[in-house]
Amino acid sequence: MHAPYEVPRIVVSGSPLADADVDLIIIPVAEDGAESAARHHDGPLGNELRSALDRGEFRGKANEIFTARPAGWRASRVVFVGGGPRHEVGAERIRRMAVSAAQAARHQKRARIAWADLEPGTLGAAARIELVAEAFVLANFDNGVHKSRDGQRFFISDATILTSDDVAAAAGTGRAMGESINAARVLINEPGNYLTPTVMADRAASLASVSGITADVLDEKQIAALNMGLLLGVARGSAEPPRLLVLKYAGPGAGGKNVLGLVGKGITFDTGGLSLKPADGMERMKDDMAGGASVVAALRSIAQQQLPIRAMAVVPMTENMPGGKATKPGDILTAASGLTVEVNNTDAEGRLILGDGLWYARQQGATHLVDVATLTGAVVVALGKITTGVYGTPQPWVDQITRAADRAGEKVWPMPLFDEYKEQLKSDIADMVNSPGRPAGSITAAMFLKEFVGNGPWAHLDIAGTAWAEDAKSWQPKGATGTMIRTLIEVARGFAG
Ligand code: BES
Ligand code: MN
Ligand code: ZN
């Protein structure tokens, strides 16, 4: 296995652009700032931008790239990256611009890059540079780690932020967040034969070995002792034993009794069980632990930033397989909470393991819950591959998650949890069924989870549409996206405040 990513050195410098000792300088340009940028860069560089604008080769549209050769500069290349209209240059746009430009630098084999912080957009300097630093790490990702005859692998080694603002701390924080997101992406991309529940638990625990975090991996015997009948019921069909990862974080000076509980779905491969999925596209189901990887990466980053809060991550991990001992359609399982579930479809396994996971987080003292899961195909029908669905109660907590996502530059959209939907969960012979039929499939999945969260604040993020990119984009490699990690970190920052 090759290194899947490299974390570049990142420094902040007040050096003039012409003097920066780097290979390539990135200059962000908003659509409505392109004319003044052409005037600002006088001499040969200004002329090149001027004529590119006249030709229409570059207009400053979002993520548009134009490469020029700056005569008389130490850097041999300049990459102009478009930002679109200035009022749109927020968190998501800045990240995408910086990843797109850094990808262009990698294609041009320029290892030492700089970001000229000239386009303010709508963000403050610290927030902007945090995102740029994160983006440079995200751009330095290569998903061909298992190729034995790889092509040329080229990484950015050094990044300089050219600004007179004092943003060194923000750059360091962004860099660490990018590293956490890349680490999650590596786990999510791993195939099911490499990343079994046992392996995932070990790798996740070692990722989380950061000051302030204690890690516990519960094995199948400990899971049985907790009466987690839902997790065990899903694991029955697999030769691989289940695991329950429990990470607890206590930040410096974290008083009060509020504990943020992050719960993630950790299905290391989802065949559907005896309600077997069709063969076509089943390989994608190696990413069914993306929610679990996300909450681990988020807690790691929260601890690295030493946020003054208490938080935990709980990740139930198992394969969903159709083995000889597998749970059968019609079987009844008893949750750790005591609720009984008629399993009318073994492919609705995520809500089962999360039911026990959410219950356990609450039992361990979590007061405010957020779960992340590749839970339903129905959310892909509703929101496509663009937007994560957010569900939960009470409304102020859901709003807090939505605002955090907005600050993080990640798209989420609220879905309703009206009591009337509960009707669909009815079972003739148990407390509820796990598969309530096609209508409102992502909502009824959330309604099922709601049965395990008690009366406290809880939000559920369904990332089935957003965890995996089918195609590479200039700002996003094909495969695992690492979505919602940034949002969870922003939730934690708000939790501290
Ligand atoms: N892991 C899947 C959901 C999924 C589907 C994720 C497509 C990513 C892309 C989940 O376990 C599942 O199979 N859900 C079923 C539930 C149904 C049986 C009620 C689904 O959505 O079809
Ligand atoms: Mn499934
Ligand atoms: Zn699944």
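All values derive from a computational prediction rather than experimental measurement.
Contact annotation: the side chain of Asp142 approaches that of Arg106 to within less than 4.5 Å [non-hydrogen atoms, C-beta and beyond]. Looking at heavy atoms from C-beta onward, Arg284 lies in side-chain contact with Glu470 at the 4.5 angstrom threshold. Taking 4.5 Å as the limit, every side-chain heavy atom of Ile113 sits out of range of all side-chain heavy atoms of Val22. Counting heavy atoms from C-beta on, the side chains of Leu375 and His460 come closer than 4.5 Å. Counting heavy atoms from C-beta on, the side chains of Asn140 and Pro8 come closer than 4.5 Å. Residues Thr483 and Trp468 have side chains not in contact (no heavy-atom distance under 4.5 Å, counting atoms from C-beta outward). With contacts defined as side-chain heavy-atom distances shorter than 4.5 Å, the pair Arg112/Ser157 qualifies. Considering only heavy atoms from C-beta on, Asp288 stays 4.5 Å or farther from Phe269 through its side chain.
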Practice item. Go through the steps for Val29 and Phe66 under the test side-chain contact (heavy atoms from CB on, under 4.5 Å), then give the verdict. Key: CA-CA 10 Å; Val29 179; Phe66 172 64; over 6 Å; no

**Study point:** Candidate pair Asn63 and Lys473, rule side-chain contact (heavy atoms from CB on, under 4.5 Å), full reasoning
**Key:** CA-CA 10 Å; Asn63 308 314; Lys473 293 277 197 304; over 6 Å; no

Practice item. Decide salt bridge (charged side-chain N to carboxylate O under 4.0 Å, His left out) for Glu130 and Arg486; before the verdict, give the C-alpha distance in whole Å, the side-chain angles of both, and the deciding distance to 0.1 Å. Key: CA-CA 11 Å; Glu130 188 180 284; Arg486 240 338 257 268; 2.9 Å; yes

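Across all non-hydrogen atoms, the minimal contact from Pro28 to Leu118 is CG-N, 4.3 Å. Shown here for Ser442 and Met415, the closest heavy-atom pair between the two residues is OG-CE, 3.8 Å. Residues Leu245 and Ala201 share a closest heavy-atom pair of CD1-O, 4.2 Å. The shortest heavy-atom contact between Leu417 and Ile443 is CD2-O, 3.9 Å. Nearest heavy atoms, Ala469 versus Thr481: N-CG2, 3.8 Å. The two atoms that bring Phe155 and Ala111 nearest to each other are O-CB, 4.0 Å, heavy atoms only.
Considering only residues two or more places apart in sequence or on other chains, Arg86 meets the salt bridge (Lys or Arg N to Asp or Glu O under 4.0 Å) condition with Glu119. In this view, Lys277 and Asp270, Asp347 satisfy the salt bridge (Lys or Arg N to Asp or Glu O under 4.0 Å) rule, not counting sequence neighbours. Phe141 meets the ring-ring contact (aromatic ring centres under 6.0 Å, His included) test with no other residue; sequence neighbours excluded. Remark: Thr196 engages Thr198, Val199, Glu240 in a side-chain contact (heavy atoms from CB on, under 4.5 Å) (not counting sequence neighbours). For Asp54, the salt bridge (Lys or Arg N to Asp or Glu O under 4.0 Å) test picks out Arg50, with sequence neighbours left out. Here Lys478 pairs with nothing under the salt bridge (Lys or Arg N to Asp or Glu O under 4.0 Å) rule; sequence neighbours left out.
Screening residues 5-20 for salt bridge (charged side-chain N to carboxylate O under 4.0 Å, His left out), with sequence neighbours left out, gives Arg9-Asp158. For residues 186-212, the pairs satisfying ring pair (Phe, Tyr, Trp, His ring centres under 6.0 Å) are His146-Tyr194, with sequence neighbours left out. Applying the ring pair (Phe, Tyr, Trp, His ring centres under 6.0 Å) definition to pairs two or more places apart or across chains, those involving residues 469-497 are His368-Phe495. Sorted by first and then second residue, the ring pair (Phe, Tyr, Trp, His ring centres under 6.0 Å) pairs with a member in residues 97-135 form an empty list; sequence neighbours excluded.
Looking at Glu88, its side chain never comes within 3.5 Å of a backbone N or O of Arg93 through a donor-acceptor pair. A donor-acceptor contact shorter than 3.5 Å links the side chain of Glu64 to the backbone of Gly60. Remark: side-chain polar atoms of Thr487 are not paired, donor with acceptor, to backbone N or O of Ala404 under 3.5 angstrom. Between the Arg407 side chain and the Glu490 main chain, a donor and an acceptor come within less than 3.5 Å of each other. For the pair Asn320 (side chain) and Ile267 (backbone), a donor-acceptor distance under 3.5 Å is absent. For Thr122 (side chain) and Val89 (main-chain N/O), a donor-acceptor pair under 3.5 Å exists by modelled atom type.
Here the CD1 atom belonging to Ile26 is positioned 7.5 Å from the CD1 atom belonging to Ile65, to the nearest 0.5 angstrom. With rounding to the nearest 0.5 angstrom, the CZ atom of Arg110 is 4.0 Å from the CZ atom of Arg77. Separating the OG1 atom in Thr268 from the CZ atom in Arg243 is a distance of 11.5 Å, to the nearest 0.5 Å.
Using a 4.0 Å cut-off between a side-chain N of Lys or Arg and a carboxylate O of Asp or Glu, Arg175 and Glu179 do not qualify as a salt bridge. Salt bridge status for Lys61 with Glu31: present, with a side-chain N to carboxylate O gap under 4.0 Å. A salt bridge is absent between Lys248 and Asp216; no separation between the charged side-chain nitrogens and carboxylate oxygens falls under 4.0 Å.
Side chains of Arg55 and Ser51: a donor on one and an acceptor on the other come within 3.5 Å. Remark: the Thr388 side chain and the Glu410 side chain contain no N/O donor-acceptor pair separated by less than 3.5 Å.
Within 6.0 Å of CG in Asp166 there are 12 or fewer heavy atoms belonging to other residues, nucleotides or ligands. By the neighbour-count criterion of 12 heavy atoms within 6.0 Å, atom CG of Asp280 is sparsely surrounded, having that number or fewer from other residues, nucleotides or ligands.
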Quick one: side chains of residues 291-298, donor-acceptor pairs under 3.5 Å with protein atoms, not counting sequence neighbours, listed by atom name and distance.
from	atom 1	to	atom 2	distance (Å)
Ser294	OG	Ala290	O	2.7

Side-chain atoms of residues 301-317: list all donor-acceptor pairs with protein atoms under 3.5 Å, sequence neighbours left out, distances to 0.1 Å.
from	atom 1	to	atom 2	distance (Å)
Ser301	OG	Gln305	NE2	3.4
Gln305	OE1	Arg493	NE	3.3
Gln305	OE1	Arg493	NH2	3.0
Gln306	NE2	Ser211	O	3.1
Gln306	NE2	Ala303	O	2.8
Arg310	NH2	Gly256	O	3.4

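Tested against Ile401, the residues Leu461, Val412, Leu488, Asp406 include a single side chain to side chain contact (heavy atoms under 4.5 Å, CB included) partner, Leu461.
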